[in-house]
Each structure stands twice: as C-alpha cells, then as structure tokens.
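Accompanying notes for the structure given below.
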Amino acid sequence: MYDNHNRMINYLRVSVTDRCNLRCIYCMPKEGLSLLGHADILSYEEILRIVTIAVKTGIVKVRLTGGEPLVRRGLVEFVSSLNKIEGLKDITLTTNGILLENYAEPLFQAGIRRINVSLDSLNVEKYKSITRLGDLLSVIRGIKKAECVGFSPIKINVVAIKGFNDDEILDFAKLTVHKPYQVRFIEYMPIGDVASENGFEYLSNDIVKKIINNYSTLERTDGYRGKADGPAQVYRMKGAVGEIGLISSMSHQFCNSCNRLRLTADGHLRACLLSDDEVDLKSMLRSGCSNSDLESLIKKVILDKPKIAALHCYESQRKKCVRNMSVIGG
Ligand code: SAM
Ligand code: SF4
C-alpha cells in the first residue's frame, strides 16, 4: 500500500524482545535498561496476528530484531509459524551473532535465508569494550556457521563512531575481498536514553567512502544480486567477491525511499525510526479488537507516515527520539 507521500510501504521490522545479552555502549547503559515484563511484550501469537493483517495491507518482508532476538525462547518455532503466513515473501533477522553458531542451522530450517550480523570491531579487546560483555570469537564462529549452512547474503552491520572504530574501516572493507559478505557502514544515530550521555559523534559515510576509495576504487552496484537494497548505497571494491553498503542516516536523508514500519517489543506500531509517534496495537489487541479494526489502524499508520524523519526537520520542529533502540529494534 502507498502512503500519503507516494511511497510503497511493504517492509515491517519486528522487535521481538527488548532484552539483550550485550550492552553496546551506543545502545544501552551499562546496567541495562528497565526491562519490560513478560506480559508487557507481545506474545508470538499476537505478533503472528499483526503480521497476518499487515500482509493484507501490502507488507511482504519482515525483519526480526530486538534487543537480541536469539535470546527470546521459542524463536525458531515462531519463525516456522511466520513462514506459513501466505503472502509473506521474506523473513530476515538482525542479530549480534553471539548465539548464532547454535541457531544458524535451526533458523535456516525454519525458513530464514538472509541474515544481518552486527559487528563493530575486529579487535577482541575493542569488541569487548564496545559491547561490554561480548566475545568476538563467538560472533566469528556464528558468521562462519551461517555461511556454511547457506545463508545468503550475510550482511555485517558496522556502526561507525568517530575516534572509536574509524581506524578499522579498511579492515572491515577488506573482508569483502574474499568473502561474499556485504559489509554495511551505518552512521551512529543519537537515539534513546544513552544518546545524551555518551557524547558519540557519527562518522560520515562520505569519509568512509573516501578511505576505502583511496585503497581500492569503489564501483557502484545495484545491491545484492542486482536487487535494490533499501537505504544502503551499495558498492564493490575492484575484484572483490562481496560488497560495501553505506547507510548514511545522518549525513544524507533518504526518507523519500523509506518503505518500512516498525513494531516495538511492547506492541506499538511506529512509522518512522526517528519519530516517537506510535500507535498502541497491544492494548487494542488485548481489548478484543476485530481484525478489520486492526487493519484500518495499520492502514492509517501507513497513510500518516511522516514525510521526513524528525532528525532531519528544522530545529524548531524537531522532537527528540526518546524510545530506546532495543525496544524499537533499529
Ligand atoms: N541485537 C541485535 C543486533 O545488535 O544486531 C539487533 C538489535 S540492534 C538494536 C539493531 C541494529 O541497530 C544493530 O545493527 C545495531 O548496531 C544498530 N544500532 C543500535 N543503536 C544504534 C544507534 N544509536 N545508531 C545506529 N545504529 C544503531
Ligand atoms: Fe544489544 Fe543489539 Fe543493542 Fe548491542 S545493538 S546492546 S547487541 S540490542
């Protein structure tokens, strides 16, 4: 279905939990966040009902995210049920990769074929310091296992932060020379409670591109196997097997091609990552709404999707994004 700004909305990101086995410094405070209780998050049955209705409005792709989706019990069975929804063409997952070695095979069997793994440093110590709890080697084993099992493409999400991992841009880019990965550099966005405290500055992807270009000429591709690739601008280093994606949410505005909605872990439907305007689907479901009520509300959220993300609005119209990334799902 098209929104009021003539954008086709066909992609839903679902945060299945706000819990996580890591505490990345740009996403969560050290002590974690005040976590939602079991009853506060949507049950799998509720998510299945929402997705089934959303498919009727034109959603064809769902990405499972979190928090860390692999820490929620029953995820594999849930994916199998999701996979049975008629009209849903693509189910993908974003994970920090810590538990991926054990989950890659069952997830593939359940119907997921494409996966994104977040990895912000290739240095064991630095990885530990950015995630506070993480073991880099588990993630590497997870990525290898995913490759072995047949996931394709495997995308590696790198949040680039000035003064933290800007010295690793080339190391990440070089991964694509022999491996069929798409390494995606994502500009850090100031979202949630931690944003005001950490003082991080995003590294512009214009700089990332320059650094890689100085090493090896980047050629523009149309995305993985010729398919357009959402907000990422996709390139390939000369002779490389894999690709480089640049997601420049801060330095370049790509709202005019945004095709997504987000379902938060606590059941709110959100039309824009960077705007806290949400509709509470969970309360509606739990007060016994009909499927057609639900469908009408989803359609309304699509129609009313803001033209431009709040972060890109003039200062006077700008609203702070207070919800945390782990609830929204990135
Ligand atoms: N836990 C999973 C993971 O880390 O892949 C899934 C959830 S995480 C919120 C989804 C994505 O959002 C990750 O790639 C993460 O690096 C990214 N992310 C989190 N906070 C961010 C921020 N402030 N700016 C940009 N990306 C962010
Ligand atoms: Fe957890 Fe992902 Fe946030 Fe890191 S980015 S704390 S792995 S939810």
Side-chain angles (χ1 to χ4, degrees), residues 1-18 36-67 69 72 78-79 81-92 191-192 230 255-311 313 317 319-330:
M1 162 177 172
Y2 286 89
D3 70 1
N4 279 332
H5 306 288
N6 210 27
R7 295 169 297 196
M8 164 80 94
I9 309 302
N10 55 15
Y11 174 20
L12 176 67
R13 296 176 64 101
V14 178
S15 172
V16 296
T17 178
D18 64 329
L36 297 167
H38 188 65
D40 300 321
I41 62 167
L42 289 176
S43 67
Y44 285 136
E45 290 71 24
E46 287 169 329
I47 300 176
L48 287 168
R49 186 171 169 205
I50 292 172
V51 174
T52 305
I53 307 283
V55 165
K56 289 190 180 175
T57 72
I59 296 295
V60 292
K61 170 177 170 183
V62 164
R63 173 173 300 279
L64 304 177
T65 171
R72 181 156 176 191
F78 167 64
V79 171
S81 307
L82 208 53
N83 202 27
K84 293 189 185 108
I85 295 178
E86 217 171 297
L88 185 60
K89 296 190 183 139
D90 198 6
I91 307 169
T92 60
I191 287 184
C255 303
N256 60 349
S257 60
C258 183
N259 62 347
R260 53 196 67 184
L261 297 179
R262 291 174 163 85
L263 183 61
T264 64
D266 58 353
H268 291 227
L269 191 62
R270 191 174 169 105
C272 175
L273 170 64
L274 301 170
S275 153
D276 280 325
D277 291 334
E278 296 177 347
V279 166
D280 181 2
L281 293 189
K282 182 183 69 188
S283 299
M284 239 185 119
L285 287 177
R286 293 183 185 177
S287 61
C289 73
S290 68
N291 284 349
S292 74
D293 291 340
L294 203 54
E295 187 173 339
S296 305
L297 196 57
I298 295 174
K299 284 181 171 164
K300 183 168 169 10
V301 172
I302 293 178
L303 285 176
D304 294 345
K305 185 173 160 74
K307 187 172 180 197
I308 297 180
L311 266 181
C313 289
Q317 299 164 2
K319 286 191 237 162
K320 201 167 151 244
C321 183
V322 293
R323 289 277 259 171
N324 287 297
M325 208 58 149
S326 50
V327 181
I328 307 170

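- Side chain of K282 to main chain of D40: a donor-acceptor pair is present (N/O by atom type, distance under 3.5 Å, no hydrogens or angles).
- Between C289 and L294, the shortest heavy-atom distance links the atoms SG-CD1, 4.2 Å.
- For K89, there are no salt bridge (charged side-chain N to carboxylate O under 4.0 Å, His left out) partners at least two apart in sequence or on another chain.
- The nearest pair of heavy atoms linking G66 to P69 is N-CD, 3.9 Å.
- Scanning all heavy atoms of the two residues, the minimum distance from L297 to M284 falls at CD2-SD, 3.0 Å.
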Item to complete: Kindly determine whether S290 and D293 satisfy side chain to side chain donor-acceptor pair (under 3.5 Å), including the steps that lead there.
Response: CA-CA 5 Å; S290 68; D293 291 340; 3.2 Å; yes

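- Using modelled atom types, no side-chain atom of K61 and backbone atom of Y11 make a donor-acceptor pair closer than 3.5 Å.
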Worksheet item: Run the side-chain contact (heavy atoms from CB on, under 4.5 Å) check on I59 and V51 step by step: do they pass?
Response: CA-CA 8 Å; I59 296 295; V51 174; 5.7 Å; no

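- E295 meets the salt bridge (charged side-chain N to carboxylate O under 4.0 Å, His left out) test with K299; sequence neighbours excluded.
- Distance check: C258 SG to I9 CD1 gives 6.0 Å after rounding to the nearest 0.5 Å.
- No donor-acceptor pair closer than 3.5 Å links the side chain of R49 to the backbone N or O of T52.
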Worksheet entry | Verdict with supporting geometry, D276 and R270, salt bridge (Lys or Arg N to Asp or Glu O under 4.0 Å) | CA-CA 7 Å; D276 280 325; R270 191 174 169 105; 2.9 Å; yes

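- Not one N or O on the side chain of K307 forms a donor-acceptor pair closer than 3.5 Å with the backbone of N4.
- Of the possible donor and acceptor atoms, one in the side chain of R72 sits under 3.5 Å from a partner among the backbone N and O of V16.
- With hydrogens and angles ignored, the 3.5 Å screen pairs no side-chain donor or acceptor of R7 with any backbone N or O of N256.
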Practice prompt. Go through the steps to decide whether R260 and R13 satisfy the test side-chain contact (heavy atoms from CB on, under 4.5 Å), and finish with yes or no.
Written response: CA-CA 7 Å; R260 53 196 67 184; R13 296 176 64 101; 3.8 Å; yes

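- The closest side-chain heavy-atom distance from D266 to D18 is not below 4.5 Å.
- Screening L263, V79, L88 against V62 for a side chain to side chain contact (heavy atoms under 4.5 Å, CB included) leaves a single residue, L88.
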Item to complete: Take L82 and Y44 through the test side-chain contact (heavy atoms from CB on, under 4.5 Å) and record every step on the way to the result.
Response: CA-CA 9 Å; L82 208 53; Y44 285 136; over 6 Å; no

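- Taking each heavy atom of R286 and L42 in turn, the nearest pair found is NH2-CA, 4.1 Å.
- Contact of the L273 side chain with the I191 side chain is registered, since non-hydrogen atoms from C-beta on lie closer than 4.5 Å.
- Considering all non-hydrogen atoms of both residues, E46 and I41 come closest at OE1-O, 4.3 Å.
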